[in-house]
Enquirer: 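The structure follows.
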Amino acid sequence: MIRVQTEDFDVAQELARVRRGDRGIGGIALFVGVVRAGAGDETIRAMTLEHYPAMTERELAKIEAEAKARWPLEAVTIVHRYGRLEPGDQIVLVIAASSHRQAAFEACEFLVDWLKTKAPFWKLEDTSSGSRWVEARAADDDAAERWQKESGS
Amino acid sequence: MRILYFASIRQKIGLAAEEVSPPPEVTTVGALLEWLKGRDARHAEALGDPRVVKVAVNQDFADPEMKVAEGDEVAFFPPVTGG
């Protein structure tokens with residue numbers, strides 16, 4: 001299940017949705033991304049997420065399909081917000097449910113790593129020293145690259 | 001051909017989208033990028049650094065060699081920072 005929205009999400013509600021009616025689930029791994037209050041000495045007042053609507057849905061669907069091809073998953077949920085967010089606000093929710101914990105853990109990490117480098121979202125930070133586009137981090141590319149190598153293809 | 005710009009590239013060019021009709025010799029993403037850079041100083045500056053300009057053709061990530069044609073939607077944007 002994929003949703004891209006401005007509204008906040010309720011983690012408990014999303015978790016209940018995943019579990020409803022599925023008796024094959026043995027483990028659920030869940031990641032929630034949150035807006036930080038600061039980076040270094042700077043204070044972040046707000047963050048505005050921009051995205052490319054027509055492409056976002058397609059990329060997230062591809063990422064979900066890739067995870068399902070690699071691990072035996074009972075359910076996948078990705079909820080990503082856009083628009084103006086403030087420190088402490090939730091940005092993204094990823095849930096991976098499987099019959100066993102290892103697949104759930106690995107798939108959850110994979111989904112987060114891949115969406116950080118493939119889903120067309122951009123963050124504009126409004127900081128104490130002005131507004132600035134967040135730059136892509138090499139560490140995020142490395143994290144995503146790791147799954148390429150491990151796929152063996 | 002519909003061109004879209006996002007994030008810092010949109011801000012530098014001052015446009016979110018434009019409709020263009022490049023000359024017939026512009027058949028690839030790379031050639032289109034070069035042609036767009038020739039439009040004015042703002043395009044040249046915003047699209048100048050190939051390391052930070054990513055491209056999607058019809059909502060799929062594209063390489064410079066990829067073909068483009070009339071009717072395509074081509075988007076230019078910096079490396080993504082979601083999640």
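Per chain, numbering begins at 1; letters A, B, ... match sequence-line order. Everything quoted here is computed from the prediction, not taken from an experiment.
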Enquirer: Within a reach of under 6.0 Å around CZ of B:Phe61, are more than 12 heavy atoms found that belong to other residues, nucleotides or ligands?
Expert: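 More than 12 heavy atoms, drawn from other residues, nucleotides or ligands, come within 6.0 Å of this atom.
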Enquirer: At their closest point, which heavy atom of A:Lys116 faces which heavy atom of B:Gly83, and how far apart are they?
Expert: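 That closest heavy-atom pairing would be NZ-C, 3.8 Å.
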Enquirer: Using every non-hydrogen atom in the two residues, find where B:Ala56 and A:Tyr52 come nearest and quote the distance to one decimal.
Expert: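 Looks like CB-CE2, 4.4 Å.
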Enquirer: B:Tyr5, B:Val74: one ILVMFWY side-chain cluster at the under-4.5 Å cut-off?
Expert: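 Same cluster.
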Enquirer: Mind listing the closest non-hydrogen atom pair of B:Gln59 and A:Glu59 along with its distance?
Expert: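 Answer, listing the atom of B:Gln59 first, then A:Glu59: O-OE2, 4.4 Å.
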Enquirer: Among A:His80, A:Glu57, A:Arg81, single out the residue with the greatest number of heavy-atom pairs under 4.5 Å to chain B.
Expert: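 Sorted descending by pairs with chain B, the first entry is A:His80.
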Enquirer: Classify the ring geometry between B:Phe77 and A:Trp122 as parallel (under 30°), tilted (30 to 60°) or perpendicular (over 60°).
Expert: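 Judged by the thresholds at 30° and 60°, the geometry between B:Phe77 and A:Trp122 is tilted.
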Enquirer: Kindly check if the number of other-residue, nucleotide or ligand heavy atoms within 6.0 Å of CZ (B:Arg39) is above 12?
Expert: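 More than 12 heavy atoms, drawn from other residues, nucleotides or ligands, come within 6.0 Å of this atom.
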Enquirer: Do A:Leu85 and A:Val32 belong together in a cluster built from hydrophobic side chains that touch within less than 4.5 Å?
Expert: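 In one cluster: no.
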Enquirer: If hydrophobic clusters are built from ILVMFWY residues whose side chains come within less than 4.5 Å, do A:Leu30 and A:Leu111 share one?
Expert: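 They do not share one cluster, since no chain of ILVMFWY contacts under 4.5 Å joins A:Leu30 to A:Leu111.
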Enquirer: Which bit of A:Ala119 is near chain B, if near means a heavy-atom gap under 4.5 Å: side chain, backbone, both or neither?
Expert: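 Just the backbone, heavy atoms under 4.5 Å.
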Enquirer: Between B:Val55 and B:Met66, is there a shared hydrophobic cluster once you connect ILVMFWY residues whose side-chain heavy atoms come closer than 4.5 Å?
Expert: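 Per the 4.5 Å side-chain linkage, B:Val55 and B:Met66 are co-clustered.
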Enquirer: Measuring from B:Thr81:OG1 to A:Glu125:CD, what's the distance to the nearest 0.5 Å?
Expert: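 Between atom OG1 of B:Thr81 and atom CD of A:Glu125 there are 9.0 Å.
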Enquirer: Answer with yes or no whether the hydrophobic clustering places A:Val34 together with A:Leu49; edges join I, L, V, M, F, W, Y residues whose side-chain heavy atoms lie under 4.5 Å apart.
Expert: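 A:Val34 does not cluster with A:Leu49.
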Enquirer: At a 4.5 Å cut-off on heavy atoms, which part of A:Glu135 comes close to chain B: side chain, backbone, both, or neither?
Expert: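 Answer is backbone: N, CA, C or O of A:Glu135 sit under 4.5 Å from chain B.
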Enquirer: Using a heavy-atom cutoff of under 4.5 Å, enumerate the residues of residues 2-19 of chain A that contact chain B, numbered in order, or state 'none'.
Expert: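 At a heavy-atom separation under 4.5 Å, chain B is reached by no residue of residues 2-19 of chain A.
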Enquirer: May I ask you to name which of A:Arg137, A:Lys123, A:Lys118 has the most heavy-atom pairs under 4.5 Å with chain B?
Expert: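 Looking at each of A:Arg137, A:Lys123, A:Lys118 in turn, A:Lys123 comes out on top.
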Enquirer: Identify the heavy atoms of B:Asp60 and A:Lys62 that sit nearest to each other, and give their distance.
Expert: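 Shortest heavy-atom contact: OD1-NZ, 2.6 Å.
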